[in-house]
Every structure is written in structure tokens, then in C-alpha cells.
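What follows is a set of notes on a single structure, which appears directly below.
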Amino acid sequence: GMSVGGFQAIFISAHNPDAFDYVGLFSPFCRGPVRHSRYSSYFKNLEKLQEGQFSRSPELYMIGIGFYDFFLFHNDLYRLYLNGRKYPYLYLETPGGHDWPNWKEYMADFATRCFK
């Protein structure tokens, strides 16, 4: 998922861990994943959902973001959250911002890893 789609991918994959062995988050909006959402019950209980998801870790949980992306700070916090729980993930930080050239690069890398 890209941008807000990355936020959705965090929760969709956590709700359906048996359906997603590969999770790609490209410049994900993740300001709220470690907090409780006020918008929908679907976006709650991430900590509990991810316990199940990472009990048998996905084959690939990848986060890609640009150094100048306006979501970088929140991604740093999300990575601290993942690190604190010792959840494995691949992190790619590239030059650039919240834009298609970066997402194209992440998608190419992600697809290559998925289809080895």
C-alpha cells in the first residue's frame, strides 16, 4: 500500500495474517497505527492483532520511505514500535519524498523479493 493505502495495508494484513505472507508499505501514513483510532473499530487493537500476525512472521514485511517524506517521523515511530516487539521487517530509506519515483523503486524491489 502507498501512503494512506499503506496505513490500510498495516491493518488489513494484521486482520488477515493467513492471507498475506508479503506486506509492502510504501511511504505509509502510520501516525495512528500505534494509537487507538477514533474513526473505526477496525483500526483498533493493532498490538493484539500484530501479536498473531508476527507469531508466524510474514515472509516479508517491508517499509520503504524517502528521506524527505513528510511521513518519515511517524515511520520512525512505527519502526521503534516494531523494534520494541522484535518484529522482523525490511526497511528501505531512499532520497526523495512522498512521490511516484520512490514508490516505483519500492515496488520493483518488493516484487523482486516476492517472486524469487
Side-chain angles (χ1 to χ4, degrees):
M2 293 177 260
S3 193
V4 173
F7 174 80
Q8 293 169 334
I10 290 169
F11 281 92
I12 291 168
S13 66
H15 275 278
N16 302 283
D18 294 333
F20 297 96
D21 286 331
Y22 298 87
V23 180
L25 310 171
F26 311 144
S27 301
F29 169 73
C30 56
R31 183 175 181 192
V34 295
R35 299 185 324 198
H36 295 290
S37 173
R38 64 181 190 262
Y39 300 111
S40 169
S41 62
Y42 189 82
F43 299 111
K44 293 185 178 179
N45 302 317
L46 182 64
E47 292 174 13
K48 186 72 172 162
L49 291 167
Q50 283 186 325
E51 282 177 21
Q53 180 181 25
F54 284 96
S55 67
R56 67 162 205 84
S57 293
E59 291 290 321
L60 176 62
Y61 196 91
M62 180 178 146
I63 302 168
I65 192 160
F67 181 76
Y68 296 106
D69 194 305
F70 46 81
F71 289 152
L72 181 61
F73 173 75
H74 298 291
N75 275 260
D76 289 344
L77 294 177
Y78 185 55
R79 288 187 314 114
L80 286 172
Y81 161 83
L82 294 172
N83 291 341
R85 286 155 183 78
K86 298 189 181 350
Y87 294 155
Y89 63 92
L90 173 67
Y91 179 70
L92 299 175
E93 186 172 297
T94 58
H98 196 81
D99 52 36
W100 285 106
N102 274 349
W103 299 335
K104 181 178 157 185
E105 183 178 334
Y106 306 148
M107 188 62 219
D109 186 295
F110 182 74
T112 300
R113 293 171 190 275
C114 290
F115 299 105
K116 281 186 181 182

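All of these numbers come straight from a predicted model, not from anything done at the bench. In this chain, residues are counted from 1 in sequence order.
- The nearest pair of heavy atoms linking Ser13 to Val23 is CB-CG2, 3.6 Å.
- Criterion: ILVMFWY side-chain heavy atoms under 4.5 Å apart, direct or through other members. Under it, Ile63 and Val4 are part of a common hydrophobic cluster.
- In terms of hydrophobic clustering, with Ile, Leu, Val, Met, Phe, Trp and Tyr side chains grouped at heavy-atom distances under 4.5 Å, Tyr81 and Leu49 are assigned to different clusters.
- Follow the hydrophobic side-chain contacts under 4.5 Å out from Tyr22 and you never reach Tyr89; the two are in separate clusters.
- At least one cation-pi condition fails for Arg85 and Phe54: the charged atom is not both under 6.0 angstrom from the six-membered ring centre and inside a 45 degree cone around its axis.
- To the nearest 0.5 angstrom, Arg79 atom CZ is 7.0 Å from Glu93 atom CD.
- In summary, the side chains of Ser27 and Tyr106 do not present any donor paired with an acceptor at a separation below 3.5 Å, with no hydrogens or angles considered.
- The shortest heavy-atom contact between Gly1 and Ala9 is N-CB, 4.1 Å.
- Across every non-hydrogen atom of Leu46 and Ala14, the tightest pair is CD1-CB, 4.0 Å.
- Among Phe29, Phe7, Tyr78, the single residue meeting the ring pair (Phe, Tyr, Trp, His ring centres under 6.0 Å) criterion with Phe71 is Phe29.
- Taking both residues in full, the closest heavy atoms of Tyr61 and Gln50 are given as OH-NE2, 3.4 Å, listed atom of the first, atom of the second, then distance.
- Here Cys30 contributes atom SG and Leu82 contributes atom CG; the two are 9.0 Å apart, rounded to the nearest 0.5 Å.
- To the nearest 0.5 angstrom, Asn83 atom CG is 10.0 Å from Asp76 atom CG.
- Both Tyr87 and Phe11 belong to a single network of hydrophobic side chains, linked directly or stepwise wherever heavy atoms of I, L, V, M, F, W or Y lie under 4.5 Å apart.
- Of all the heavy atoms in Ser55 and Gly52, the pair that sits closest is OG-O, 2.8 Å.
- The CE atom of Met107 sits 9.0 Å away from the OG1 atom of Thr112 when rounded to the nearest 0.5 Å.
- For the atom pair CE of Met2 and CG of Asn102, the computed distance is 12.0 Å after rounding to the nearest 0.5 Å.
- Interatomic distance, Leu25 CG to Gln8 CD, rounded to the nearest 0.5 Å: 11.5 Å.
- The residue from Trp100, Phe110, Trp103, Tyr91 that alone fulfils the ring pair (Phe, Tyr, Trp, His ring centres under 6.0 Å) condition with Phe26 is Phe110.
- Annotation for Pro28 and Gly64: closest pair CD-O, 4.1 Å, computed over non-hydrogen atoms.
- Residues Arg56 and Pro17 have side chains not in contact (no heavy-atom distance under 4.5 Å, counting atoms from C-beta outward).
- Within 6.0 Å of atom CZ in Phe70, more than 12 heavy atoms from other residues, nucleotides or ligands are found, so the atom counts as buried in its surroundings.
- Between Leu92 and Glu105, every side-chain heavy-atom pair lies at or beyond the 4.5 Å cut-off.
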